[in-house]
Amino acid sequence: MHQIELRNVNRVFNKNTDNTFQALKGINMIVEPGDFISIMGPSGSGKSTLMNIIGMLDVADSGSYWLKEVDITKTEKSELPMMRRQEIGFVFQTFNLLNRLSVYENVRMPLIYSKKKYGKRSKVDELIKMVNLGHRRNYLPVNLSGGEKQRVAIARALVNDPRIIVADEPTGNLDTKSGSEIMKSLVDLNKEGRTIILVTHDPQIDKYAKRHFKMVDGILTED
Amino acid sequence: MFQYVLLSINSLRANKFRTFLTMLGIIIGVFSVITLMAIGEGVRSEVGSQIEGFGSNLIMAIPGKIDAEEGINPASMAGQSTLTLKDLESMRDIDDLIETDAITIVNGVAAVGDKQSIGSFVVGAGLYLENLMDKHVEYGRWLTQKDLDDHANVIVLDYVAKENLFPGEEAVSVLGKKVNLVNKELEVIGIIEQQEETDSIFGGSSPLDNLIIIPNTLSFDINGNELLHRIFTRASESSLVDEKIEEIKSALIENHDGLEDFSLLTQEDMLNLFNDVLAIITSAIGGIAAISLIVGGIGIMNIMMVTVTERTKEIGIRKAVGATDANILLQFLIESSLLSLIGGLIGFILSYAVSIIIDLKFGIPTAITLEAILLAAGISIGVGIIFGIAPATKAARKNPIEALRYE
C-alpha cells in the first residue's frame with residue numbers, strides 16, 4: 001500500500017467561463033512512507049494547487065487521490081479537516097503564524113481542534129525545544145526573525161504528529177543561512193521516517209530531496 | 001469549549017477600545033432594563049405594602065375622574081380640586097363610615113429664623129388623619145376640634161420636619177416654639193414619632209416622611225379657598241365597602257350638580273392604578289431599552305463582520321491546521337456572545353451600583369430580583385448569538401485556500 005497515490009488528477013478553475021484554466025492535467029504520483037520529494041517548477045505551473053490537493057485544502061475535479069487506504073476524492077468534505085490534522089502538517093512560505101499568539105500558543109493551536117486530549121503542554125514545549133526556540137517560548141511572532149518564525153511553523157506542523165509534511169516554498173522568504181537551517185530540520189524529520197513533500201523553485205533546495213519532480217503547465221514529471 | 005472562550009478573550013483583548021465601543025449598546029440596554037426593573041420592583045413592593053397597610057376597608061375620594069378598570073385619563077386630573085367641605089360633610093353623614101377626614105395641600109415653606117423645612121409636605125387636616133395615615137404623635141398632641149373651629153395657629157411636625165427646623169433639639173423642648181408659614185406664626189403642638197422611611201401613594205420621594213400638619217380651617221385661610229385634595233374614610237366593615245362607595249358616589253354627584261368629576265378608590269383600586277401606571281412607564285422605558293439592545297446587537301454584528309474580514313487569513317490558517325467549519329462557526333459565535341455577555345455584565349454591575357445610589361441618595365426603593373439577573377444574562381447571550389450568527393456563518397464558509405492568500 002502506498003502512502004499517497006494520485007491517479008489522473010485534474011483541477012480546473014473558473015469552469016464554464018471565458019477564464020477557464022486547467023491548473024493540473026492528469027497528475028499521476030505515488031509517494032511512499034519516508035520519501036523526501038521536491039516539486040520544482042515556475043510560478044503558475046500548478047505546484048501550489050497540487051500541494052493544496054495533497055493537503056486536502058482543495059479537491060480534484062476528476063481522478064482519484066488515495067491517502068493510505070482512503071479515497072479522498074470520495075470522502076465527505078466535512079471529514080477532510082479531521083484527515084488533514086491527523087495526516088498532514090503544513091509549512092508555508094509566509095509562515096502563517098497568528099501574530100497575537102505567542103510561540104507556545106501558535107504551536108499548540110492545532111491541538112484545539114484535535115480529538116487528542118488537549119493540553120499536552122510537555123509535547124508542545126518539547127517541539128519548541130526541538131526547533132531551538134525554548135528561549136523564545138513566550139515571544140510574539142513579531143519579535144522573531146524569519147528563520148525563527150519558520151521553525152515555529154515546523155513545530156506547529158508536528159504537534160499532531162503527522163506522517164506527512166507538506167512544505168510550500170518553506171525557504172522562499174529566508175536568507176541562505178536560515179534557509180539551510182530549515183532544510184536541515186526537514187532532513188532530520190525525514191530521517192525520523194516522516195514523508196516530506198516540498199515545493200520550490202530553488203535548485204539549491206531541490207538538492208536536499210531524494211526524489212525530484214518537475215511541474216510545467218500543470219503536467220508533472222519525475223526526473 | 002473552554003479553549004474557545006480563551007481564544008475569544010484573546011481576540012477581544014487585541015482591540016480593547018473597539019471591544020468597549022461595541023459593548024456600549026448592550027451596556028446601556030441592559031443597564032436601562034435592570035435599573036428600571038429594580039426601581040419598578042422596589043417601588044411596587046414598598047408602595048404596595050403601604051397601600052395594603054391602609055386596610056382593606058379604606059375608601060379615598062380624589063378630584064378628577066379615574067377609571068380603575070381603564071386607567072387614568074390625565075386630562076381629567078388637570079385644574080383645581082373639585083372636592084369641597086360639603087363633600088366631606090356629606091360623607092360624614094353616611095352611616096357606617098368612620099374616621100372620615102380630608103387633607104388640603106398647602107403651597108408654603110415652613111421656617112424658623114433662617115432655617116427652612118425644604119421639601120416638606122404641608123397639609124391641612126382634621127381629627128382623624130393621625131389614625132388614617134398611621135402617624136401618631138409622640139410628644140404633645142394632635143389637632144383638636146377647638147383648633148379646627150378657631151382656625152388655630154398651631155402646627156404638628158413629623159420627625160424629619162422637626163430636624164429641619166430645630167436641628168439637634170430634643171423633640172419635647174420644641175413644643176410651644178414658633179414656626180413661620182406663609183406670614184403666619186404657628187405654635188408647635190405635636191411631634192410625630194420617628195418612623196422608618198416609607199414611600200407614598202402621592203408619588204415622589206417619601207413626602208410622608210417630611211410632613212407638616214396644620215388645621216384644615218387654617219389651610220383654607222392660607223389657600224384662599226375651601227377645596228380639599230383628598231378625602232379619606234373607612235367602612236366599618238370591609239363587606240360594606242362596595243355599598244358605601246355607591247352611597248358616597250350618589251351624595252357627591254348630587255353635590256357636584258350631577259357631574260362625576262371625582263373618583264372613589266379602594267385599597268385594591270389604588271394598587272391596580274399604581275400597578276397600571278407603573279406598567280405604562282415600564283413598557284415605555286422598556287421599549288426604549290429594547291431599541292438600545294437591538295442597536296447594540298447590530299453594532300456587534302457590524303463589528304463581527306469587520307472582524308471576520310480582518311481575520312480572513314487567521315481563518316485560513318486555522319482551517320489548514322485542521323479546524324472544521326463548525327469549529328470556526330463556534331469560535332466566532334462564542335466571541336460575539338462573550339462580547340455581548342461582558343457588556344451585559346458591565347451593564348448589570350452599573351445598574352446594581354446605580355440602584356444602591358438611588359436607594360440611598362434619593363430614597364426611592366430598588367430591588368434587583370433573580371428574574372432581573374436571569375433576564376440580563378439571557379438578553380446578553382441571546383443578542384450575542386442572534387447577531388453573531390451571520391458573521392460566524394460567513395467566517396465558517398470561507399474557502400481555506402482563498403483565506404490563506406488574503407493579505
Side-chain angles (χ1 to χ4, degrees), chain A residues 11 13 23 48-53 55-59 76-102 105-119 140-141 152-153 155-162 166 168, chain B residues 1-20 22 303-304 306-335 338-339 392-393 395-407:
Chain A
R11 180 72 173 104
F13 292 108
S48 293
T49 303
L50 179 59
M51 288 292 99
N52 289 334
I53 286 175
M56 292 171 279
L57 289 172
D58 198 3
V59 182
E76 282 292 321
K77 204 180 164 193
S78 59
E79 288 178 26
L80 295 182
M82 193 254 300
M83 298 279 295
R84 188 185 311 134
R85 65 178 167 244
Q86 282 178 352
E87 303 296 337
I88 310 279
F90 273 103
V91 178
F92 301 95
Q93 179 179 359
T94 53
F95 322 125
N96 283 341
L97 302 178
L98 294 187
N99 286 327
R100 63 167 194 280
L101 302 186
S102 67
E105 289 166 330
N106 265 291
V107 174
R108 190 185 60 171
M109 193 202 353
L111 290 176
I112 295 171
Y113 309 111
S114 171
K115 295 277 182 192
K116 293 172 189 170
K117 185 71 182 167
Y118 179 77
L140 293 175
V152 175
R156 182 182 64 190
L158 295 172
V159 77
N160 273 323
D161 202 19
V166 173
D168 191 351
Chain B
M1 182 68 85
F2 180 64
Q3 291 307 320
Y4 289 103
V5 174
L6 289 181
L7 281 175
S8 300
I9 290 171
N10 191 304
S11 305
L12 296 177
R13 281 176 59 189
N15 287 299
K16 290 189 190 75
F17 190 58
R18 186 165 82 178
T19 298
F20 172 73
T22 311
I303 290 298
M304 288 304 294
V306 173
T307 301
V308 168
T309 303
E310 283 177 351
R311 286 160 62 187
T312 297
K313 182 116 183 166
E314 175 187 332
I315 293 163
I317 294 168
R318 290 188 183 278
K319 286 195 167 183
V321 300
T324 61
D325 289 1
N327 292 143
I328 301 294
L329 183 99
L330 194 61
Q331 182 185 333
F332 280 89
L333 215 48
I334 287 176
E335 199 166 311
L338 202 62
L339 192 67
T393 306
R397 286 182 180 165
K398 281 201 180 290
N399 178 306
I401 298 167
E402 286 170 14
L404 280 168
R405 283 197 198 118
Y406 186 86
E407 291 299 336

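Convention: sequence-line order gives letters A, B, ...; per-chain numbering from 1.
Between chain A and the options Glu314(B), Arg13(B), Arg311(B), Lys313(B), heavy-atom pairs under 4.5 Å are most frequent for Glu314(B). Top candidate by heavy-atom pairs under 4.5 Å with chain A, chosen from Leu7(B), Ile401(B), Leu404(B), is Ile401(B). When each of Ser11(B), Pro400(B), Gly322(B), Ala14(B) is scored by its heavy-atom pairs under 4.5 Å with chain A, the top score falls to Gly322(B). Considering only heavy-atom pairs separated by less than 4.5 Å from chain B, the leading option among Ser78(A), Ala157(A), Pro110(A) is Pro110(A).
The distance from atom CD of Glu310(B) to atom CD1 of Ile303(B), rounded to the nearest 0.5 Å, is 8.5 Å. Met83(A) contributes atom CE, which lies 12.5 Å from atom CD of Glu76(A) (distance to the nearest 0.5 angstrom). Rounded to the nearest 0.5 angstrom, Ser114(A) OG and Asn160(A) CG are separated by 4.0 Å. Note: Leu333(B) CG to Leu338(B) CG = 11.5 Å, rounded to the nearest 0.5 Å.
For the 3.5 Å distance criterion, the side chains of Thr49(A) and Asn52(A) fail to qualify, holding no donor opposite an acceptor.
Only the side chain of Thr94(A) comes within less than 4.5 Å of a heavy atom in chain B; its backbone stays farther off. Proximity to chain B (any heavy atom under 4.5 Å) is shown, for Leu80(A), by neither the backbone nor the side chain. Interface remark: Ala320(B) contributes backbone and side-chain atoms alike to the contact with chain A (heavy atom separation under 4.5 Å). In this structure, no portion of Asp325(B) lies under 4.5 Å from any heavy atom of chain A. Within the 4.5 angstrom heavy-atom criterion, no atom of Glu402(B) approaches chain A. For a residue to count as touching a neighbouring chain, one of its non-hydrogen atoms must lie under 4.5 Å from one of that chain's; by this rule Glu79(A) does not touch chain B. For Arg84(A), the part sitting under 4.5 Å from any heavy atom of chain B is the side chain, from C-beta outward, and nothing else.
Under the 3.5 Å distance criterion, the side-chain polar atoms of Lys319(B) are matched with a main-chain donor or acceptor of Lys398(B). Side chain of Thr19(B) to main chain of Leu12(B): a donor-acceptor pair is present (N/O by atom type, distance under 3.5 Å, no hydrogens or angles).
Crowding of Arg18(B) atom CZ: a count of heavy atoms from other residues, nucleotides or ligands under 6.0 Å exceeding 12.
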